[in-house]
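Before any comments, here is the structure.
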Amino acid sequence: MQTIHVRTVPEYDVTIGPGLLAECGRRLREVLPLCHMAVVTDSNVAPLYLEKVKASLSEAGYQVSACVFPAGEESKNFHTLSNILEFLAEEHLTRIDCVAALGGGVTGDMAGLAAALYLRGVRYVQLPTTLLSSVDSSVGGKTAIDLQAGKNLAGAFLQPSAVLCDTDCLKTLPADVFADGAAEALKTGVLCGEELFSRMEHGLSASAPEEIIARCVSYKVGVVERDEKEQGERKLLNLGHTVGHAIEKCSNFTIPHGHAVAAGLAVMARAAERLGWTDEPVAERVAACLEKNRLPVRTGFEPRALALAALSDKKRAGDSITIVVPKAIGRCELKKIPVSELLPVIQAGLEG
Ligand code: GLY
């Protein structure tokens, strides 16, 4: 079992290890007083883990209710958010109560946003069940829904009160869902350095993910503690995401987030190398590592379509957009470019 403390407001622990869902009630009781716990989860996760979580919370003395929405990125919208908010109101949750996000990135982002909005903010906890939510989205307090114009365009920052990451959940993930999370872990490896990156070059294993998750979370926590609201350094965590989000949008959100980020990461690494921005060759190594983890390194979308889609990205500020340039493994830099220069960058990344 590993515990990583996050010094934000509120401060909280990220606990990583096996068997945590079955004991979530007892563990949450250590940091949260007894209250009404509204579990928000999706139609894929509910049959697997909802009863276990409800039983553990009830046994610890919490009043428990559950809201289940249809699984998938297409649910990450105002309609589902509104249903969750209405549910919280129908269940008479009050300001001392808590939302528990049980599931992957979509669930965590949306339940977190519901918690940020309901009564102008109630507490929430994250119970991630995918690799993607374990290594990235459950930590750091970003919550959001998608808009027609693009990914995660309406959201809020709200830190959870606890994150319990049960690594047993990862053992039964479908291969493509596991690979989705590997993309975010790999992104963190490129940012963090050789030690983490090289561990993933032979492929991430579902049987021993605890150490990798802990390293990814530790790295992210350091960044979030220094720049919680993404004014500077936290933008580095968007490595691969400008093109990644554009791919998601161009695919009408049918390409999963991690797969889109993987292709976006490969495109940026190739572009950086072709444009002479790198200090050492990175593109081939990044692509080989992505492929080893069953992730795409190319996209079929046209550069113009991707550049257009990226214009509504959050990372745009007026006529500029900040991209993340991998200069070497463990050395990435923010580069603010005029929006008009994004197309040649993407073109360079697609050609290489
Ligand atoms: N997923 C990137 C971040 O939390 O900043």
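As the structure lists them, so they are numbered: ligands from 1, and atoms in each ligand from 1. Heads up: numbering here begins at 1 and tracks the sequence.
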- Item | Within-shell test, Lys220 vs ligand 1, heavy atom, strictly < 4.0 Å | yes
- Can you find a side-chain donor-acceptor pair between Asn77 and Gln148 that sits under 3.5 Å? no
- Item | Derivation and outcome, side chain to side chain contact (heavy atoms under 4.5 Å, CB included), residues Glu73 and Asp146 | CA-CA 9 Å; Glu73 185 78 29; Asp146 302 333; 2.4 Å; yes
- Item | Under-4.0 Å heavy-atom contact with ligand 1, by part of His241 that carries it | neither
- Message: For ligand 1 and Asp136, I'd like to know whether there is a polar contact (N/O to N/O, distance under 3.5 Å).
- Response: yes
- What do you reckon, does Arg234 have a nitrogen or oxygen under 3.5 Å from a nitrogen or oxygen of ligand 1? yes
- Message: I'd like to check which ligand 1 atoms, numbered from 1 as shown, lie under 4.0 Å from a non-hydrogen atom of Leu237.
- Response: 2 (C), 3 (C), 5 (O)
- In ligand 1, which numbered atoms sit nearer than 4.0 Å to a non-hydrogen atom of Lys142? 2 (C), 3 (C), 4 (O), 5 (O)
- Item | Residues Thr80 and Asn83: side-chain donor-acceptor under 3.5 angstrom | no
- Message: Just by distance, no angles: are the side chains of His36 and Ser65 close enough, under 3.5 Å, to form a donor-acceptor pair?
- Response: yes
- Report yes or no: do Lys76 and Asn152 form a side-chain donor-acceptor pair below 3.5 Å? yes
